[in-house]
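Owing to the predicted nature of the structure, the values given are computational and were not obtained by experimental measurement.
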Amino acid sequence: MAVPVPSRQLFIAGEWREPLLEKRIPIINPATEEIVGDIAAATAEDVDMAVDAARTAFFSNEGKDWSSASGAYRAKFLRAISDMILERKSLLAKLETIDTGKPLDEAISDMENCASCFKYYAELAEALDLKQKITVSIQQQSFKTHVLKEPIGVVALIPPWNYPLWMATWKVAPALAAGCTAILKPSELASVTCLELAEICRQVDLPSGVLNVVTGLGSAAGAPLSSHRHVDKIAFTGSTATGIKVMTAAAQLIKPVSLELGGKSPILVFEDADLDTAAEWTIFGCFFTNGQICSATSRLLVHESIAAEFLEKLVDWSKNIKISDPMEEGCRLGAIISEGQYEKIMSFISTAKSEGATILYGGARPQHLKKGFFIEPTIITDVSTSMSIWREEIFGPVLCVKTFTTENEAIELANDTDYGLAAAVISKDLERCERFTKAVQSGIVWINCSQPCFNEAPWGGNKRSGIGRELGEWGLENYLSIKQVTHYTSEKPLGWYSAPRKQ
């Protein structure tokens, strides 16, 4: 039985509100190419209302209703949201799959991760109460200094379309834990579960205006949100090109940003690796979530002595991947998010062929699927480092392969990129892995694995992969402002200036 997509409006000040221009954007199921619903299309005027609602909530009752309330008070709401996500995970996962084309098993895991993330930041919110008025040791005995950690203010949260609710949670949970109020602007390609998060917030009685959800096109809603004078911080996950625009807008008002952007991450397989284990981690690192992962280890560097045998293994493992309607049991590769993204990926593959690369496996639509934006897992060899397929983020199930001879050559090739989000190494030699960990220029390093992610550990990249870190305590710090408070405790006068003569 088909799962109906709820029809939602904009969520502003705790209520569902129709956009001022009453326009909507169709929702297209990428696995069937059918229109399954629509979302509200906000404009700058709607964004203004959402920002006003967030500011009102932030300052309400001198902040006592949210921003300066105890972390324990805010934690109760975060736990209630977590519980309700778990209660509804089956429905939320199906909606996520319909919206994005990712396999249902993945979507179910995503919902569980969302719930655990809210619960984790509930704990950090409570712990924040104990970290106020931390004494700073200073040399001057006439002064006492302490530090306050305060919410940074009204924040704009802009997650991507590949993990719509999960990566929204990475922003919403720590922002609310810190005491910020927020405007969440999901991608127009995948907004459904973020709107359901708004409904959950309404049902758990989250105070009005603490979280507002505004859907719409990036140009019509995202841009005015990024440049809004009453937004105190922007957290964005998406392409590097859009990240540059967000950062430019923020720079005009000198407001802080955290950016998790593109990637072109390497995975190195050395000659001592177990080939089957390495093959599974390699295809998982590139083909999971239909290859649409910013941290995808899509550049394979394999030692020349095992390259031929390892590539045979990769093809065998890839042939065994079930490509189907993502709602089918056991699906491991679903549909690409949109027709535009599908065409972009196919163009990259076509260009690679014209430049002399070899399509070792895949590179086309699966023959058994006549509708939907499906692409076979694709392995490309004979790649030079100047090719666009090697240098640019594809954001699809495409793995590029090069061989190396020495460890130094492998590290040099791994670092030869504008990006620096993640990197993986597979080898039984742990000293070699440690050398690689220190030498590689990335924010995340995986040893004998690829793509694990934990609430407690920082996530983010270097170079053109972004600024700042999400998750863990670092994610909470994104939304806190540090205030120094110093008290002069001596009864003696300062004595810097000569006192005026008494009349």
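Residue Met247 qualifies as open at atom CE: its count of foreign heavy atoms under 6.0 Å is 12 or below. Residue-environment remark: NZ (Lys23) stays at or below the threshold of 12 foreign heavy atoms within 6.0 Å. Glu329 CD: 12 or fewer foreign heavy atoms inside a 6.0 Å radius.
By the 30° and 60° cut-offs, the orientation of the rings of Trp459 relative to Trp446 is tilted. Classified by interplanar angle (parallel below 30°, tilted 30° to 60°, perpendicular above 60°), the ring pair Trp281/Phe284 is perpendicular. Using bins of under 30°, 30° to 60° and over 60° for the plane-to-plane angle, the ring pair Phe395/Trp161 lands in the perpendicular bin.
Relative to the six-membered ring of Tyr73, Lys64 misses at least one condition, a distance below 6.0 Å or an angle of at most 45° to the axis.
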Test side-chain hydrogen bond (donor to acceptor under 3.5 Å, both in side chains) on Thr297 and Ser265; report intermediate values, then the result. CA-CA 5 Å; Thr297 40; Ser265 301; over 6 Å; no
Yes or no on side chain to side chain contact (heavy atoms under 4.5 Å, CB included) for Val47 and Ile183, after CA distance, side-chain angles and deciding distance? CA-CA 8 Å; Val47 168; Ile183 304 94; 5.9 Å; no
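Using a distance-only test at 3.5 Å, with no hydrogens or angles considered, no donor-acceptor pair links the side chain of Arg391 to the main chain of Lys264. Judged by distance alone, the side chain of Arg74 and the main-chain N or O of Leu78 form no donor-acceptor pair under 3.5 Å. Looking only at distances, no side-chain donor or acceptor of Thr181 sits under 3.5 Å from a matching main-chain atom of Val210. Judged purely by atom type and a 3.5 angstrom limit, Asp99 uses its side chain to pair as donor or acceptor with the backbone of Val192.
Tested against Leu195, the residues Leu10, Ile39, Val5, Leu184 include a single side chain to side chain contact (heavy atoms under 4.5 Å, CB included) partner, Ile39. Here the options are Arg79, Lys131, Lys119, Lys76, the test is salt bridge (Lys or Arg N to Asp or Glu O under 4.0 Å), and the partner is Glu126; only Arg79 passes.
With values rounded to the nearest 0.5 angstrom, Met111 atom CE is found 9.0 Å from Leu95 atom CG. The structure places CD1 of Ile336 at 4.0 Å from CD1 of Ile345, a figure rounded to the nearest 0.5 Å. From Leu225, atom CG reaches atom NE2 of His230 across 13.5 Å, with rounding to the nearest 0.5 Å. With values rounded to the nearest 0.5 angstrom, Leu165 atom CG is found 8.5 Å from Asp110 atom CG. Here His146 contributes atom NE2 and His487 contributes atom NE2; the two are 10.5 Å apart, rounded to the nearest 0.5 Å.
In plain terms, the two heavy atoms of Glu199 and Gln203 that are nearest each other are OE2-NE2, 2.8 Å.
Here Lys102 does not pair with Glu96 in a salt bridge; the nearest charged N to carboxylate O distance is not below 4.0 Å. Ion pairing between Asp105 and Arg332 holds under the 4.0 Å rule for side-chain N and carboxylate O.
Side-chain contact, Asp48 with His228: a donor N or O sits under 3.5 Å from an acceptor N or O. Between the side chains of Thr289 and Glu106, at least one donor N or O lies within less than 3.5 Å of an accepting N or O.
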